[in-house]
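The figures that follow rest on heavy atoms only: side chains count, while hydrogens, waters and symmetry mates do not.
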Amino acid sequence: MSERRLWTGAHLVTFAGDRDWGLVPDGALLTEGEALRWVGPRAALPRALCEGLADEQDLGGALVTPGLIDAHTHLVYGGERSAEFELRLQGASYEEIARAGGGIRSTVAATRQASESALHTLALARAQALMAEGLTTLEIKSGYGLSLDDEAKCLRVARRLGEAGLTVRTTFLGAHAVPPEFDGRQDDYVEAVCQWMPILRDQGLIDAVDAFCERIAFTPAQTRRVFETARGLGLPVKLHAEQLSDQGGAALAAGFGALSCDHLEHLSDDGIRAMADAGTVALLLPGAYYFLRETQLPPIAALRAAGVPIALATDHNPGSAPGLSLLLMLNMACTLFRLTPEEALRGLTVNAARALGLADRGRLVAGQRADFCIWNAAHPRELSYYFGRNPIRGTVMGGRTRA
């Protein structure tokens with residue numbers, strides 16, 4: 001029988017319903033193994049469940065939320081691109097830098113040169129920074145190898161990060177950019193990506209497939225080819241869509257039942273309708289919006305009106321979003337995108353789980369995975385109100401307190 005642990009004296013943010021925080025002022029959580037066995041008011045806790053506990057803690061009124069989920073990152077890479085940051089401040093655009101041989105290609109070169117061990121050391125430090133603010137589930141994309149061997153190397157590193165106690169979901173982003181050896185042969189590269197996909201899947205390295213559908217990346221037709229291959233292999237898809245222009249990528253991805261479409265600053269009404277019909281999550285990335293000094297806001301009001309779930313993520317990457325703070329993403333989402341504090345926190349819990357196709361986390365209800373955060377805060381809106389302050393007191397992952 002799995003060990004049972006009890007936490008009492010907690011101000012719970014359960015997100016048990018579709019609206020509001022689902023607050024339980026003096027709550028208790030009982031875990032059994034890696035799952036939540038019972039959640040509710042402390043006064044209603046059945047006495048029989050308290051027999052033979054392995055551990056019991058009184059949290060003294062601390063705030064408890066579901067564990068935070070970062071559903072879009074590019075965490076495994078070599079090098080950094082601070083020089084490009086400086087160039088943008090001098091007037092160069094993201095597209096101009098990419099077309100001049102910088103951007104993703106420069107990170108590809110550094111990643112290919114790095115050993116698997118070196119990449120793991122770098123990625124682990126980044127993951128630990130996110131974990132220090134309550135991260136419990138992490139998505140990591142490939143896309144900086146752009147060859148079969150180097151993509152596999154990056155995906156293996158991503159899988160290894162799960163040894164830190166995190167749940168790690170890996171996404172194959174071979175269609176991120178065209179590597180130098182395929183210059184002038186973009187369609188040939190797409191075919192190579194499609195050939196690598198079953199090999200990497202059979203090695204147990206892929207949970208989902210992504211693509212970058214944009215003027216500086218891949219066309220809708222090429223993206224469709226990638227998604228058709230993924231569908232044939234039984235792999236779910238997601239898409240970098242409508243970040244710099246409207247390519248119709250969101251509607252295309254929704255046609256494949258995409259888990260999420262990400263960025264979405266230039267999302268059209270047709271794209272919104274397609275996403276709503278498919279149940280596709282709108283995954284917004286305020287860190288990239290901020291860092292690239294974008295001015296076109298995602299259509300938040302239209303997404304709300306259509307009932308499209310809104311998630312948030314760091315989009316951590318070396319070129320357009322080098323941030324490593326989930327709490328800062330909460331504040332940015334409220335300040336830049338005008339999400340409410342409740343919408344923002346749902347975006348890093350309930351809806352982030354949906355964006356990864358995970359139904360077993362994101363809420364504090366019986367039967368869910370026992371991933372939760374303990375905060376020195378009186379109300380959940382404080383988490384998005386402050387920036388530069390980390391009120392985390394403890395993190396529980398799979399029923400175990402993180403050391």
Q: For Tyr290, look at atom OH and say whether over 12 heavy atoms of other residues, nucleotides or ligands are found less than 6.0 Å away.
A: no

**Q.** Atom pair CG (Asp150) and CD (Glu116), whose distance is rounded to the nearest 0.5 Å
**A.** 10.5 Å

Q) Would Arg126 count as a cation-pi partner of Tyr77, with NZ or CZ less than 6.0 Å from the six-membered ring centre and within 45° of the ring normal? A) yes

Q: Verify whether one side chain among Glu342 and Thr340 offers a donor that lies under 3.5 Å from an acceptor in the other.
A: no

Q) Is any side-chain heavy atom of Thr31 less than 4.5 Å from a side-chain heavy atom of Trp38? A) no

(Q) Pairing donors with acceptors under 3.5 angstrom, does anything connect the side chains of Glu56 and Thr8? (A) no

Q) Are Arg304 and Glu343 close enough for a salt bridge, meaning some N to O gap below 4.0 Å? A) yes

Q. Got a sec: does the CZ of Arg400 have more than 12 other heavy atoms crowding it under 6.0 Å?
A. no

Q | Short N-O contact, Arg346 and Asp18, less than 4.0 angstrom | A | no

(Q) With a 4.5 Å cut-off on side-chain heavy atoms, are Gln243 and His266 touching? (A) no

Q. Is there a side-chain contact between Trp375 and Val64, using heavy atoms and a 4.5 Å cut-off?
A. no

Q) Between Phe337 and Tyr289, what is the ring plane arrangement, given parallel below 30°, perpendicular above 60°, and tilted in between? A) perpendicular

Q | Ile310 vs Val281 side-chain heavy atoms within contact, under 4.5 Å | A | no

Q.
Would you call the rings of His176 and His74 parallel, tilted or perpendicular, taking 30° and 60° as the class edges?
A. parallel

Q. Is Lys141 salt-bridged to Glu139, going by a charged N under 4.0 Å from an acidic O?
A. yes

Q | Donor on one side chain, acceptor on other, Arg81 and Thr107, under 3.5 Å | A | yes

Q) According to the interplanar angle, ranging from 0 to 90°, do the rings of His240 and His263 count as parallel (below 30°), tilted (30 to 60°) or perpendicular (above 60°)? A) tilted

Q. Taking atom types as modelled, is there a side-chain donor on Ser142 or Glu151 under 3.5 Å from an acceptor on the other?
A. yes

Q) Are the side chains of Val39 and Val365 in touch, meaning some heavy atoms are under 4.5 Å apart? A) no

**Q.** Pairing of Glu181 and Arg112 as salt bridge, 4.0 angstrom limit
**A.** yes

Q.
Is it the case that the ring center of His316 lies less than 6.0 angstrom away from the ring center of His72?
A. no

Q) Hey, what do you get for CG (Leu284) to CG (Leu297), rounding to the nearest 0.5 Å? A) 10.0 Å

(Q) Taking the basic N atoms (NZ, or NE/NH1/NH2) and the acidic carboxylate oxygens, is any pair closer than 4.0 Å for Arg225 and Glu191? (A) yes

Q) So, are Asp210 and Lys238 salt-bridged, with charged N and O less than 4.0 Å apart? A) no

Q) Can you tell if the side chain of Asp70 reaches within under 4.5 Å of the side chain of Leu312, non-hydrogen atoms only? A) no

Q) Taking the six-membered ring of Tyr386 as reference, does the NZ or CZ atom of Arg389 fall below 6.0 Å from its centre and within a 45° cone about the axis? A) yes

